[in-house]
Amino acid sequence: MNDQLRVRRQKLEELRDKGIEPYGARKFDRQDLASTLEKKYGKDDKEELNNDMPKTKIAGRMLAKRGKGKVGFADLYDRTGKIQIYVRKDIVGDDNYKIFKKSDIGDFLGIDGEVMKTDTGELTIRAHHVTFLAKALRPLPDKYHGLKDVEQIYRQRYLDLITNRKSYMRFVHRTQIIQAIRDYLNNRHFLEVETPVLHNIPGGAEARPFKTHHNALDIDLYMRIALELPLKRLIVGDMERVYEIGRVFRNEGLDTQHNPEFTELESYAAYWDFHDVMDEAEGIIRAAAKVVTDDGKITYQGTQIDLGKPFRRVHMVDLIKEKTGIDFWKPMSLEEATKIAEDHDIKVEKFWKVGHIINAFFEKYCQDTIVDPTFVYGHPVEVSPLAKKNADDPRFTDRFEIYIMGEEYGNAFSELNDPDDQRARFEAQMEERAAGNDEADLIDEDYLRAMEYGMPPTGGLGIGIDRLVMLLTDAPAIRDVLLFPTMRPKKVEGVDEEVKEDLKKKNKKN
RNA sequence: GAGUCGUUAGCUCAGUCGGUAGAGCAUCUGACUUUUAAUCAGAGGGUCGACGGUUCAAGCCCGUCACGACUCACCA
């Protein structure tokens, strides 16, 4: 146990000796927050305010203290921000002043006092009485630099939230962004629903799932990798407009863009096609952006992006032609396409068809070049097992993805509602699986049965919420927008032996 | 999975050629009745990520391991 922990435990005992139980407070009748004080008195004239002396009660965690003999200043923080307090020995009395003097950075205090402004014009609460609310036994990170150790930021997020206001606000914005999306969809008569996280067959996306086991039923279950198939069953169930914002799980690598669990929005609207969904997606992204910007202009990692102007809409084949000069509109055999791919440094997998090659050209030569918000549409049918074929050219689908600064933010299509076609697509996926693609979709017979009861034409959309929040809050890594990102476990330092000894002694005394 | 880098006081970081471990903040003692990273004087505080090796001597050199970050591969 280091000196600081020891000192804080001593202070804990001193408080008890004075008859103050350091964790005894049940509640505190708080009357103002930093924000309400600013709103009520922020613009008041100093002289008038200091004559009026309006009374208030505030509470918060003390994060800075500036002593000055028989008078002291401190900064308390509540959920809305900072409140400076001013404590005078001649006002609060000797005993109460000592409690203030002995309290540590990190402790929770409640202040009865009056609102005033200092010589520098800062709104301040002059204390009449300091109520001790809770003790912090461990010292907080450096107040000036904040917590910098990224490992500690992720493992002990509470420390990051206490010391890094920017990070704190980012998570506030995350919640507000999700709320804005809900409002947008609710206003358009979408019904928010909840579907199972535990699936018998993981489907709706190409990804490796997490496997788990239910004891009573003695069956293996999978954590969902997408929301898609249950939601489309609800479209079959005539709910017409549904959405879900929920966690999905993919058993894959993790890096700055990927976490094993992440939050996805999926929405489905009957009688819409993928053009309607493009409008919807633009609307959702703009509504979300309003949380952080008035004019739709944002800066992500130094690059200016305008989310306010209409997104570009470009066919995947046209974009490939634009970037490489290769024309995949021309009918092409697999041999021809493979030759072109190999000439362009693209490794062709055994199970690939022409469509996979076109998609690979897009990913290798186009994706990274996209900066402004862009809908890339018309994905090949081979890589789009759940999307409706294009009416004029069945090699492609009525599908689009949203790209901004080379990163994918959403995936959408006119939903395939022909059960026989869907069965054929699933079977093609099973062939891929047999040929070595262990992420290919499995056949979901119940889903096919549902579709046979009739599914209206439907436009579906999926948006990665975490990535959208990253974009809007200028976060460089997905971990920065996840309160508790997935980490390899580390031995947590246990209660020190000396602390245990102390507690033992105390228990004997009592 | 591969490569590169990092891990030193509660926090942020220095640490030269291998020769008794440093600073700022924080903590403790004292001074100070409008401070703003308060100031001034003094003091205490270290399993240098872990283990092993080389050496008279290792925070530093070598090896293994742990955890993390970044890049690449896979994926959203």
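This is a predicted model, so every value here is computed, not measured. Order of the sequence lines sets the chain letters (A, B, ...), proteins ahead of strands, with each chain counted from 1.
Residue side chain Glu122(A) does not reach the base of U34(B) through any donor-acceptor N/O pair under 3.5 Å, judged by distance alone.
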For nucleotides 8-14 of chain B, just jot down a letter per nucleotide in 5' to 3' order: B, S or -, based on protein non-hydrogen atoms under 4.0 Å. --BBS--
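Salt-bridge formation is detected for the pair Glu122(A)/Lys82(A): a Lys NZ or Arg NE/NH1/NH2 atom is positioned less than 4.0 Å from an Asp or Glu carboxylate oxygen. Here Asp438(A) pairs with Arg208(A) in a salt bridge; the nearest charged N to carboxylate O distance falls below 4.0 Å. Electrostatic pairing of Arg174(A) and Asp466(A) counts as a salt bridge here, judged by a charged N lying under 4.0 Å from a carboxylate O.
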Listed pairs, N/O of protein and of nucleotides 21-23 of chain B, under 3.5 Å:
none

Detail all sub-3.5 Å separations between protein N/O atoms and N/O atoms belonging to nucleotides 28-32 of chain B.
residue: C28(B); atom: OP1; partner: Lys11(A); partner atom: NZ; Å: 2.4
residue: C32(B); atom: N3; partner: Gly69(A); partner atom: N; Å: 3.1
residue: C32(B); atom: N4; partner: Gly69(A); partner atom: N; Å: 3.3

For nucleotides 1-6 of chain B, tabulate all protein N/O to nucleotide N/O atom pairs closer than 3.5 Å, reporting atom names and distance.
none

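A gap of 37 Å separates the P atoms of G45(B) and U64(B), to the nearest Å. As rounded to the nearest Å, C51(B) and C56(B) have C1' atoms that lie 23 Å from one another. The C1' atoms of G44(B) and A38(B) are separated by 23 Å, rounded to the nearest whole Å. A distance of about 27 Å separates the C1' atoms of C28(B) and G15(B), rounded to the whole Å. Nucleotides C48(B) and A2(B) have their C1' atoms positioned 30 Å apart, rounded to a whole Å. The separation of G24(B) from C65(B), taken at their C1' atoms, amounts to 34 Å, rounded to a whole angstrom.
Here Arg8(A) does not reach the OP1 or OP2 of A26(B): none of its side-chain N or O atoms lies under 4.0 Å away. Within the 4.0 Å cut-off from OP1 or OP2 of A38(B), at least one side-chain nitrogen or oxygen of Arg66(A) is found.
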For RNA chain B, what is the dot-bracket line, given that a base pair needs Watson-Crick (N1 to N3, plus N6-O4 or O6-N4) or G-U wobble (N1-O2 and O6-N3) geometry with both distances under 3.5 Å, and | means paired with another strand? (((((((..((((.....[..)))).(((((.......))))).....(((((..]....))))))))))))....
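When the side chain to side chain contact (heavy atoms under 4.5 Å, CB included) test is applied to His315(A), the partners found at least two apart in sequence or on another chain are Val317(A), Asp318(A), Trp329(A), Tyr377(A), Phe396(A).
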Phe426(A) vs Tyr447(A), test: side chain to side chain contact (heavy atoms under 4.5 Å, CB included). Steps then yes/no. CA-CA 11 Å; Phe426(A) 274 147; Tyr447(A) 177 67; 4.0 Å; yes
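Here the shortest heavy-atom pairing between Ile91(A) and Arg126(A) reads CD1-CD, 3.6 Å.
Nucleotides of RNA chain B nearest to Val150(A) and Thr118(A) differ in position, and the one nearer the 5' end is that of Thr118(A).
Nucleic acid contact class of Met116(A) (heavy atoms, under 4.0 Å, all strands): base.
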